[in-house]
Amino acid sequence: MNIFDYYLEKIKLLLNDLNKEGQIILPSSLDGINAEIPPEKFDCDISTNVAMVLSKINNKPPFDLAENLSKKIKSLDEYIDNVSIAKPGFINIKLKPSFWTNFINNIIKIPDTFGVNEKEDKNKYLVEFVSANPTGPLHVGHCRGAILGDVISNLLSFNKHVVTKEYYVNDYGNQIINFTKSVYARIREIKFNEPFPIDNEDLYPGDYLVDFANNIISANNELDFENYDKISIELTKLSITEALNLIKKNLKSLGIEHDNFVSEKSLVEAKEVEKVIDYLTENNHVYKGKIKAPKGENDQNWIEREQLLFKSTDFGDDKDRALQKSDGSWTYFASDVAYHKNKLDRKYDYLINILGADHAGYIKRITSSVDALSNSKNKLICKVSQLVKLIKDNKPFKMSKRKGDYITVDDLISEVGKDATRFIMLNRSSDVELDFDFDNVKEKSKENPLYYVQYCYARISSVYRHINIDLSVNLKISLSDFEYTSDEIKIFKKISEWPKCIDAASKKLEPHRIPVYLYELASLFHSYWNLGKDKPEKRFISEDKKISDDKLVFLKAISNVIRSGMNILGVETPEKM
RNA sequence: GCGCUUGUAGCUCAACUGGAUAGAGCGCCUGACUUCGGAUCAGGAGGUUCUGGGUUCGACUCCUAGCAGGCGCGCCA
C-alpha cells in the first residue's frame, strides 16, 4: 500500500484521458512525473511535479498548467480534501482524515508485508559477501561489509526476491601455503618444543594458531607430525577447516549465516579456470601481451613480461589484466573469473558483490569479465563498504596486523553487543567512512540511536502489557470509523512513507535509509508520548485502566513498522529494556 | 602520474535517482520530572552545501576544470 504510487497512477491515467481529449500534450514517457513527500512546512500529504514536467511540451507556464490540473485532480476521489498550488508549480494534495482511518485499518491487516513493493518484478539474486581469507578470525574491518551484505540480502528477501547468500573461500594460493606452514610451526612448538620462528615475516603470528594446532593434534593422532611434506595436503585441509569454523562462529555472533560456501580450490581442481579461459579465448577476449608500468612508478624495477591477459579495456577498464603467473599457475583474478562464470551458470538475474574499500580498484576488471561472459551489462553490481575508524577514549585507535593487536569480532561483540554493532554500522551510508566510537556505542541513552528506536517499541509494549494484550498477536477488534486528529495523522503520514523508504533502500542497495527512517518515526512517537503530560486525552490508558480501540490500532501500526524495520536490520525489539 | 571515492552547521551525518525556505543528533543556551517507564520531551542560536565555469523552469544532486582527504595501482588474495 504505497499511497504515493497509488495517486501517481491515478494522475497518470488522468493525463492519458486529457491527452485523448486533446486537452494536453504528453511526452513519450511519463517517467519524469513523480509523487513525493512534501516538505514539512506545507500542510499537505502528497505533492507532484506534473505541471513543471509538462510545461515545456505544452508551451504553457507551469503555474497555469497546475491551476488547470489541480481542479481535475481534486475530483479524482472522495478522499482528497483539497489541492493547492505552490510557487514554481507544485501541485499539493491534502487528504481527508477519513483517508487516514482507512489507510491505518488496511495496513494493520498486513503487519508483515506492509512496505513490500508489490509491483516490482521478482528476481533471483546472489549476494556474495565477507569472503575473508580462511586464515584467522574476523576482525572489525570485515564487520561492516558482513553486516551490509546480510542486510541487503534481508532487504531483497523482504521485497520477495529470491536471495542466496554466498561466501567465496580463498583456499588456494600462496597465502594458504604460508598459513599451513604457520600452523605447522605451532604444532612443532607444541609437540617438539621448537620455538615459533617469530622473525619469519611469511608466517602468521597470531595466538589463535595455537588453538588450531592443539585442535588438530588432539583429533589426528594418526598423522606423522614430524614430516611436513608427508602431511602437508591433509594439514592444509585441517587448517582451513579450523579457520572456517572460527569464521562461521564469528559470523553467527553477528547474526549472519551464509547459504553457500564455495571453494576456490575446488573450482581450480575441476578445471573451471581452464574452461573459462578457453571460452574467453574463443570469443577473442584474451591475448598474450605485456603490461606497461604505471607512470608514477620507478620503472627501473619494472620488468615487462609477456603473459596471458584479459582484454578488460574493451569493457572500460584502464589496463588489461593478467590471468596467469610466470610459473604457469593462475592469478587470483583468473579463478575469480571462473567463479563468476560459475555464478552465471547458476542462472541468477543479478549478482551482488560486497567489497571492502581496499578492493574498490578491483571492480572494473571483475565487472568487465562478467560483461564478457554474459554478453550483457549490469548483471554484476558491486557495492563498496568504506572503512571503519575506531575511536576509543576520543582518540583514533589504530590496528596493526604485525603486532597482532587488531580488534576481533569477538572483542567487539563481547564489548558492545550484536545489536548496537549492527545498528551503528548500518546507520550511515556505506559510501562514507564511519566513526565507530566504542564508548558512545555502549552508552544507553539518546546518543545511541539503537536504544532510542528500541525504547519506542518498549514503550508501546508497556502499554499493551498494562492492559494484558499480547503485542505480537494480531488485534481482534472490529475496525471502524475512528476519528484521528492531526497529532496522530502526523505519525500516519510518516508510516505512509515506509514503502517509499523500502523501495529506495532496496533499489539503490542503501540499507542506511532504514535506521534513519526508524529514528524519525521513533522521534515522532516520543513527542506524541509526551503530549500525554499536558493533555490527558492523549494518554493511552485512561484512569479506569481502559484503552480505546483507535489507540490500540494507532500503537499497533507503529509497532508493526518498527518491528518490520528492525527485522530487516537483524536487530532485536525487546518488550522491556 | 592514473583510477575509484568522499567533501553539507563547531563535530558526526541525512536529504526520497533534478524539486519548494537544505534537515537530524552531539555540543552550546532556555525550559518540562511525587514519570500512563525521563533511556524522554518543548524552544533558541548555528549554512555562500570545498572553489570556478556550464546544462534548465529548478542543482547538494548531472557535466567540466581545479582544491583537499581516504583507498588502490604489476603474477597478494
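Each chain gets a letter, A, B and so on, in the order its sequence line appears, and its residues count up from 1. Since the model is a prediction, treat every value here as computed from it, not as a measurement. Any value given below was found using the heavy atoms of this structure, including those in side chains, with hydrogens, waters and symmetry copies removed.
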Legend entry - Distance-minimising heavy-atom pair for A/Ser131 and A/Tyr168: OG-N, 3.0 Å

Legend entry - Listed nucleotide nearest any side-chain atom of A/Arg513, set B/rA77, B/rA39, B/rC16: B/rC16

Inset, instruction - Return the 5'-most residue of the pair A/Lys56, A/Asn92 with respect to RNA chain B, ranking by each residue's nearest nucleotide. - result: A/Asn92

Legend entry - Qualifying side chain to side chain donor-acceptor pair (under 3.5 Å) pairs, either residue in residues 425-437 of chain A, two or more places apart: none

Inset, instruction - Sort out for me which residue in A/Val337, A/Leu323, A/Val268 forms a side chain to side chain contact (heavy atoms under 4.5 Å, CB included) with A/Val273. - result: A/Val268

Measure all distances between protein nitrogen or oxygen atoms and nitrogen or oxygen atoms of nucleotides 28-32 of chain B, and list the pairs falling under 3.5 Å.
residue: B/rA32; atom: N3; partner: A/Lys533; partner atom: NZ; Å: 3.3

Legend entry - Under 3.5 Å donor-acceptor pair, A/Ser429 side-chain atoms to B/rA14 base atoms: no

Inset, instruction - May I ask you to decide whether A/Lys343 forms a salt bridge with A/Glu128, counting only side-chain N to carboxylate O separations under 4.0 Å? - result: yes

Inset, instruction - Answer yes or no: does a side-chain N or O of A/Trp529 lie under 4.0 Å from OP1 or OP2 of B/rG37? - result: no

Legend entry - Assigned partner base of B/rG72, Watson-Crick or wobble definition, under 3.5 Å: B/rC2

Inset, instruction - Answer yes or no: does a side-chain N or O of A/His512 lie under 4.0 Å from OP1 or OP2 of B/rA24? - result: no

Legend entry - Nearest-Å distance for atom pair CG/C1', residues A/Asp336 and B/rA77: 9 Å

Inset, instruction - Name the orientation class of the two ring planes belonging to A/Tyr362 and A/Phe333 (parallel below 30°, tilted from 30 to 60°, perpendicular beyond 60°). - result: perpendicular

Legend entry - Pair partner, B/rG47 [Watson-Crick or wobble, under 3.5 Å]: none

Inset, instruction - Can you figure out which of B/rC36, B/rA14, B/rC16 approaches the side chain of A/Ile37 most closely? - result: B/rC16

Inset, instruction - Look at the rings of A/His526 and A/Tyr452 and say which category their plane angle falls in: under 30° parallel, 30 to 60° tilted, over 60° perpendicular. - result: perpendicular

Legend entry - A/Arg365 side-chain N/O to B/rC73 phosphate OP1/OP2 under 4.0 Å: no

Inset, instruction - Please report, rounded to the nearest Å, how far the C1' atom of B/rG58 is from the CZ atom of A/Phe63. - result: 15 Å

Legend entry - Side-chain N,O (A/Lys325) to OP1/OP2 (B/rA77) below 4.0 Å: yes

Inset, instruction - Among B/rG72, B/rG74, B/rC36, find the nucleotide with the atom closest to the side chain of A/Ile291. - result: B/rG74

Inset, instruction - Please list all pairs passing the salt bridge (charged side-chain N to carboxylate O under 4.0 Å, His left out) test where one or both residues lie in residues 507-526 of chain A, with sequence neighbours left out. - result: A/Lys494-A/Glu520, A/Asp503-A/Lys507, A/Glu510-A/Arg513

Inset, instruction - Encode nucleotides 3-9 of chain B as B, S and - characters from 5' to 3', where the letter depends on protein heavy atoms closer than 4.0 Å: B to the base, S only to sugar-phosphate, - to neither. - result: S-SS---

Inset, instruction - Ignoring the backbone of A/Asn49, work out which of B/rA20, B/rG19, B/rC13 is nearest its side chain. - result: B/rG19

Inset, instruction - Report which part of the nucleic acid A/Pro62 touches: base, sugar-phosphate, or nothing (heavy-atom distance under 4.0 Å, all strands). - result: nothing

Legend entry - Pairs meeting criterion salt bridge (charged side-chain N to carboxylate O under 4.0 Å, His left out) with involvement of residues 322-336 of chain A, two or more places apart: none

Inset, instruction - Could you please name the option among B/rA20, B/rG72, B/rC36 that lies closest to any side-chain atom of A/Asp358? - result: B/rG72

Inset, instruction - If B/rU64 has a Watson-Crick or G-U wobble mate with both distances under 3.5 Å, name it; if not, just say none. - result: B/rG52

Legend entry - Nearest-nucleotide pick for A/Lys41, side chain only, options being B/rC36, B/rG23, B/rC16: B/rG23

Inset, instruction - Just name whichever nucleotide pairs with B/rU8, Watson-Crick or G-U, keeping both distances under 3.5 Å, else none. - result: none

Legend entry - Euclidean distance for P, B/rC28 against B/rA22 (whole angstrom): 27 Å

Inset, instruction - Scan A/Glu166, A/His340, A/His359 and name whichever one has a side chain to side chain donor-acceptor pair (under 3.5 Å) with A/Asn353. - result: A/His340

Legend entry - B/rG25 versus B/rU21 - spacing of their P atoms, nearest Å: 23 Å

Inset, instruction - Quick one: label A/Phe4 by what it contacts on the DNA or RNA (base, sugar-phosphate, nothing), any heavy atom closer than 4.0 Å. - result: nothing

Inset, instruction - Would you tell me if any nitrogen or oxygen in the side chain of A/Tyr528 comes within less than 4.0 Å of OP1 or OP2 on B/rC41? - result: no

Legend entry - Pairs flagged by salt bridge (charged side-chain N to carboxylate O under 4.0 Å, His left out) wherever residues 359-370 of chain A is involved - sequence neighbours left out: A/Asp318-A/Lys364

Legend entry - Nucleotide of B/rC71, B/rG37, B/rA77 approaching A/Arg465 most closely (side-chain heavy atoms): B/rG37

Inset, instruction - Between B/rC60 and B/rC50, how far apart are the C1' atoms? Round to whole Å, please. - result: 12 Å

Legend entry - A/Tyr452 side chain, from C-beta outward: closest of B/rC36, B/rA24, B/rC41: B/rC41

Inset, instruction - Ignoring backbone atoms, test whether A/Ser527 places a side-chain nitrogen or oxygen under 4.0 Å from the OP1 or OP2 oxygen of B/rA42. - result: yes

Inset, instruction - For A/Tyr457 and for A/Cys44, find the nucleotide of RNA chain B with the closest heavy atom, then tell me which residue's nucleotide is more 5'. - result: A/Cys44

Legend entry - Aromatic contact, A/Tyr528 with A/Phe554 (centres under 6.0 Å): yes

